[in-house]
Amino acid sequence: MMRIGQTRAQIKGLSYSFRGFATGNKPPQTITEKIVQRFAQNLPEGKFVRSGDYVSIKPKHCMSHDNSWPVALKFMGIGAEKVFDNRQVVCTLDHDVQNMSETNLRKYRNIESFAKGQGIDFYPAGRGIGHQIMVEQGYAMPGSLAVASDSHSNTYGGVGCLGTPIVRTDAASIWATGQTWWQIPPIARVNLVGQLPKGLSGKDIIVSLCGAFNHDEVLNHAIEFYGEGLESLDIDSRLTIANMTTEWGALSGLFPTDEKVFEWYEKRLQFLGPNHPRVNRKALDEMKANPIIPDENCYYSKYLTLDLNTISPAVSGPNSVKVYNSAAKLERDNIPIKKAYLVSCTNGRLSDIHDAAEVVRGKKIADGVEFYVGAASSEVEEAARENGDWQTLIDSGARTLPAGCGPCIGLGTGLLKEGEVGISATNRNFKGRMGSREALAYLASPAVVAASAIAGKIVAPEGFKDSVDQVSAVDVTEKMNAHKKSVNETGVSDSETPILDGFPASVSGEIVFCDADNLNTDGIYPGRYTYRDDISKEEMAKVCMENYDADFGSKTKPNDILVSGFNFGTGSSREQAATAILSRGMPLVVGGSFSDIFKRNSINNALLAVELPELVQKLRTAFANSPKELTRRTGWHLNWDVRKSLVQVTTADEKILSWRIGELGNSVQSLFVRGGLEGWVKHEISESS
C-alpha cells in the first residue's frame, strides 16, 4: 500500500527529491532500494526508487513448487502459450513428496511435463526444498532479486539476494511477460551487536527477535541486518534468520554481501566446478567488484537492536512465534514431548544436522519419543552421510524422511496428534500447522531439539542449563530518526507522476469509516460464497462486509472511500475480498496497514489501496466520544491527487489534512487501465504476438 513519503531534503550539500527524482546528485538508497533499482522496469529518466513506490519488476528468477500446476493453469487460462524467459523460471517438487496417491503423482507428472516442454529448470521430488535449491544452485545470488510463490522466499536474503513472496497470479504473469509489480515496503534496520556465544545458532537469534519485538514492529517491512555481530554468523545461520523473518512479519530479510559471503561462494564454486551456469568465476568476480552497500544517510523507518551477548538457547511457543522462553526455563517447567523434528528450509542444512548429531552422539532417543530427521536437499543428505552425521542420528533412533517439507507443512509421516507436544527446528508453530489443533508445538534450534529428544522433555543443551532470560533488545527508532524529522518535513517535492491515458488523475469521495483492526477476509467476503463461481457482481456487492456489519450495504454508496484500521484483509487468500469492494463501486480502500496478500489481490484486481495510519488515528480521535457504529458516514471527504502523490482530507468542520504518499508509477497504473494483472498480461501477449 502507499506509505507516507518524504519530501525534499538538503543533506551534506546534496539536493534531491525524496520521492526519488534527482535534482542534483542521486538520493541515498538502502540495499533494498538499490536492488529494486536494478530490476525495476520502465522507470522515468532520473527516477530513483524509494520505499513506498510501486514499481514493475523483472526478477532474475522465479520459483514455484507443488503449486506450479495451478500457476500453469492460470498461465494457460490467460492465453499464454510460451514462457517469456525459461531461464528465469524454476520448478521444484518439495511439499508433498511422501504422498504416493495417483492424484498427487498425476499433478507431479503434469508439472514435470510442462516444465520440460517449456525448457524450464526442473527439480523432481526428493531433490530438495525449493528454497534450498535456489541457494545451492545459484538462482539466488548476492545483489540479485528472486521471487517465489511461497512465503519463505525471504530465505534468499541470507546470501544477500533480495527474496520476497508472490501469489500465483503474479507467478503466472512472470511466466508470461517476465514481470510483475511490487511496492517497496518500509525498510527496517536491525543491528546485531556483540558476538554470538559458542554453541548458539541463527535460530536462537531469530527466535529471540520474534519474542522481543512481538507487537508487529516489522509487519510488512523489508529488513536489513547490520552490526559487528554479523562476523560471528556463518551463512547457514544467516539463511535461518532470513527464512524466519517471514514469521516475524516481514516481506524480506536481507544481509549485506561481506567476506563471509565471498568465502561461502568460493567453496560453492569448488564444489560445483568451473562450468556452472550461475556460480562461476565471472559471476563471483563481478560480485566482489561491485558489492551493494547502503548509502550514508539512507532512510530507515525502524531501527532495532539485539545484543547477541545476552541470548541463550531460545524456544518459541507453544503455538506462537511471539511467545518466547529460554530453553533452561522450560526445562525447569518439566514439559514432556512426544515428537521432535529436524526438517525444513529453516534448519535442514549440513551445519544443523551436525549440531544435532553432536548432541545425540553415543546416546539414544528417549523411550516413547519419535525424532524425525530430513535434509533440506539431497546434496545436504549426501554430505551428512559422508561425514557420518546422518548415521549418528540413525544410530540414536532418529527416523529419516526424504528431502522435502513434510511435517513442517503438515504433510506425510509423523504429524502431531491430539494432546501431543512436539518441538521442532522448523519455522511455524501455528495451531494445527503440524497436525492436530489440539497439539502443542514449540520451535527451537537443532541443538535444543536433539537434546530434548534425548531427554524426553524440553531441555537446554549441556553448558546452558543455568541460562537466564536476559535478552537485551531495544527499539531505537525514535532516537535515530529524531534528527531526520525536520529534514523530512522541509519543503515539498515539485516532481510529478505522469498519468496514463485512462487512469484517473485524482480519486475523491466521502470517507466511510469501519473502525476495526484485523478485519479479516471472511468479514469482508463470507467464506460460504468463495467457491460459488456463478455469483453475480450484484450479489457480490450485496454480501460485501455482511459478516462485519449487516448494515454496511444500506449505509454505503458508490464512490465512497472505505477507511478501516490496521492489518486490513488478514486471513485467507481469496481474491473476492478485493473484488467485492469494487463491486460496490468503491474505487479506493484506505487502511492503517494491510495484509500483504490482500494488498496483492487488490492491485491484481484493480482496487486502489492507500496505507495511511495517521488518518486512521485522526478519525479515531475525532469520533472517540461518539456512539459506536461499525460503519460510520463521517462527513469527511478525501481527495488523492495521483499526479502529486498527495492525499488531502477535508473534515466535517472544513479543516484540511494533507499527507504525501508513495508514487503510483505508470507501470502499475497500466494494470488498472487494463482491468487488473490478468488483463494487463493478456494485452502484453497480444502486443507481442
Legend entry - Gln88 side-chain N/O to His61 backbone N/O, donor-acceptor pair under 3.5 Å: no
Legend entry - Derivation and outcome, side-chain contact (heavy atoms from CB on, under 4.5 Å), residues Tyr123 and Leu93: CA-CA 6 Å; Tyr123 296 86; Leu93 301 180; over 6 Å; no
Legend entry - Main-chain N/O of Leu219 paired to His221 side chain as donor or acceptor, under 3.5 Å: yes
Inset, instruction - Sequence neighbours left out, what pairs pass salt bridge (Lys or Arg N to Asp or Glu O under 4.0 Å) with at least one residue falling in residues 672-689? - result: Lys74-Glu678
Legend entry - Straight-line distance of Thr32 OG1 to Ile292 CD1, nearest 0.5 Å: 10.0 Å
Legend entry - Donor-acceptor pair, side chain of Asp258 and main chain of Val261, under 3.5 angstrom: yes
Inset, instruction - With the side chain counted from C-beta on, respond yes when Leu588 and Val610 share a heavy-atom pair under 4.5 Å apart, and no when they do not. - result: yes
Inset, instruction - Measure the CG-CH2 distance between Leu638 and Trp636 for me, rounded to the nearest 0.5 Å. - result: 11.0 Å
Inset, instruction - Kindly write out the residues that satisfy ring-ring contact (aromatic ring centres under 6.0 Å, His included) with Phe566, not counting sequence neighbours, or none if the list is empty. - result: none
Inset, instruction - Please state whether the rings of Tyr300 and Tyr226 are parallel, tilted or perpendicular, taking 30° and 60° as the class boundaries. - result: perpendicular
Inset, instruction - Output yes when Glu614 and Lys618 qualify as a salt bridge under the 4.0 Å nitrogen-oxygen rule, no when they do not. - result: no
Legend entry - Leu304 side, atom CG; Trp248 side, atom CH2 - distance, nearest 0.5 Å: 5.0 Å
Inset, instruction - Answer yes or no: are there more than 12 heavy-atom neighbours, outside Arg278 itself, under 6.0 Å from its atom CZ? - result: yes
Inset, instruction - Find out whether Val589 and Phe594 are in side-chain contact, i.e. whether some heavy atom of one side chain is under 4.5 Å from a heavy atom of the other. - result: yes
Legend entry - Heavy-atom check, side chain of Phe84 versus side chain of Val89, under 4.5 Å: no
Inset, instruction - Determine, step by step, whether Phe568 and Leu562 satisfy the side-chain contact (heavy atoms from CB on, under 4.5 Å) criterion, reporting the C-alpha distance in whole Å, the side-chain angles of both residues, the deciding distance to 0.1 Å, and the verdict. - result: CA-CA 11 Å; Phe568 183 84; Leu562 175 60; 4.2 Å; yes
Inset, instruction - Give every residue pair that meets the salt bridge (Lys or Arg N to Asp or Glu O under 4.0 Å) criterion with at least one member in residues 135-151, sequence neighbours excluded. - result: Arg127-Glu136
Legend entry - Over all atoms of both residues, closest heavy-atom pair of Ile78 and Phe75: CG1-O, 3.2 Å
Inset, instruction - Could you pull out all residues at least two apart from Lys60 that satisfy salt bridge (charged side-chain N to carboxylate O under 4.0 Å, His left out)? - result: none
Inset, instruction - For the residue pair Val507 and Asn639, establish whether any side-chain heavy-atom pair is separated by less than 4.5 Å. - result: no
Legend entry - Backbone N/O of Leu608 and side chain of Ser602: donor-acceptor pair under 3.5 Å: no
Contacts table for residues 154-165: side-chain donor-acceptor under 3.5 angstrom, sequence neighbours left out:
unit_1	atom_1	unit_2	atom_2	d
Asn154	ND2	Thr245	OG1	3.0
Asn154	ND2	Thr246	OG1	3.4
Asn154	ND2	Ala250	O	3.2
Thr155	OG1	His152	O	2.6
Thr155	OG1	Asn243	ND2	3.0
Tyr156	OH	His131	ND1	2.9
Thr164	OG1	Leu251	O	2.8

Inset, instruction - May I ask you to test the Asn191-Phe225 pair for a side-chain heavy-atom distance under 4.5 Å? - result: no
Legend entry - Where Asn559 and Pro587 come nearest, the two heavy atoms and their spacing: CA-CD, 4.0 Å
Legend entry - Counterpart residues, side-chain hydrogen bond (donor to acceptor under 3.5 Å, both in side chains), relative to Asp121 (two or more places apart): Arg87, Tyr139
Legend entry - Atom of Gln29, atom of Glu33 and distance for their closest heavy-atom approach: CA-OE1, 3.2 Å
Inset, instruction - Kindly say whether Ala40 contributes a backbone atom to a donor-acceptor pair with the side chain of Gln179 at under 3.5 angstrom? - result: no
Legend entry - Listed partners of Arg643 passing salt bridge (charged side-chain N to carboxylate O under 4.0 Å, His left out), at least two apart: none
Inset, instruction - Quick one: list whatever passes salt bridge (charged side-chain N to carboxylate O under 4.0 Å, His left out) with Arg189, sequence neighbours left out. - result: none
Legend entry - Between CG on residue Asn280 and CG on residue Leu272, distance to nearest 0.5 Å: 10.0 Å
Inset, instruction - Would you confirm whether Asn605, through its side chain, and Ala578, through its main-chain N or O, come within 3.5 Å as a donor-acceptor pair? - result: no
Legend entry - Under 3.5 Å side-chain donor-acceptor pair for Gln669 and Tyr54: no
Legend entry - Close side-chain approach of Leu607 and Thr579, heavy atoms under 4.5 Å: no
Legend entry - Listed once per pair and sorted, the salt bridge (Lys or Arg N to Asp or Glu O under 4.0 Å) pairs that draw on residues 160-174, sequence neighbours left out: Asp170-Arg600
Legend entry - Residues in side-chain hydrogen bond (donor to acceptor under 3.5 Å, both in side chains) contact with Glu217, at least two apart in sequence or another chain: none
Legend entry - Side-chain donor/acceptor of Thr177 to backbone N/O of Ile174, under 3.5 Å: no
Inset, instruction - May I have the step-by-step check of side-chain contact (heavy atoms from CB on, under 4.5 Å) for Ile184 and Arg50, ending in yes or no? - result: CA-CA 7 Å; Ile184 306 172; Arg50 306 291 295 171; 6.0 Å; no
Legend entry - Exam field: side chain Ser113 to backbone Asn110, donor-acceptor pair closer than 3.5 Å: no
Inset, instruction - Could you check if a side-chain atom of Ser173 sits within less than 4.5 angstrom of a side-chain atom of Trp680, using non-hydrogen atoms only? - result: yes
Inset, instruction - Evaluate whether atom CD1 of Ile293 has more than 12 neighbouring non-hydrogen atoms of other residues, nucleotides or ligands under 6.0 angstrom away. - result: no
Legend entry - Aromatic contact, Trp182 with Phe39 (centres under 6.0 Å): no
Legend entry - Phe255 CZ to Ile223 CD1 distance, which is reported to the nearest 0.5 Å: 9.5 Å
Inset, instruction - For the residue pair Leu239 and Ile235, establish whether any side-chain heavy-atom pair is separated by less than 4.5 Å. - result: yes
Legend entry - Pair listing, salt bridge (Lys or Arg N to Asp or Glu O under 4.0 Å) test, anchored in residues 558-583, at least two apart: Asp522-Arg574, Lys557-Asp560, Asp560-Arg633
Legend entry - Asp641 side chain vs Lys644 backbone, donor-acceptor pair below 3.5 Å: yes
Legend entry - From CD1 (Ile111) to OG (Ser64), nearest 0.5 Å: 7.5 Å
Legend entry - Contacts of Ser506 that satisfy side-chain hydrogen bond (donor to acceptor under 3.5 Å, both in side chains) - sequence neighbours left out: none
Inset, instruction - Examine distances only and state if a side-chain atom of Thr570 and a backbone atom of Asn567 form a donor-acceptor pair shorter than 3.5 Å. - result: no
Legend entry - Donor + acceptor pair across side chains of Asn67, Ser149 (<3.5 Å): yes
Inset, instruction - For residues Leu612 and Val647, report the shortest heavy-atom separation together with the two atoms involved. - result: CD2-CG1, 3.9 Å
Inset, instruction - Go through the side-chain N and O atoms of Gln648 and His637 and say whether any donor and acceptor fall under 3.5 Å apart. - result: no
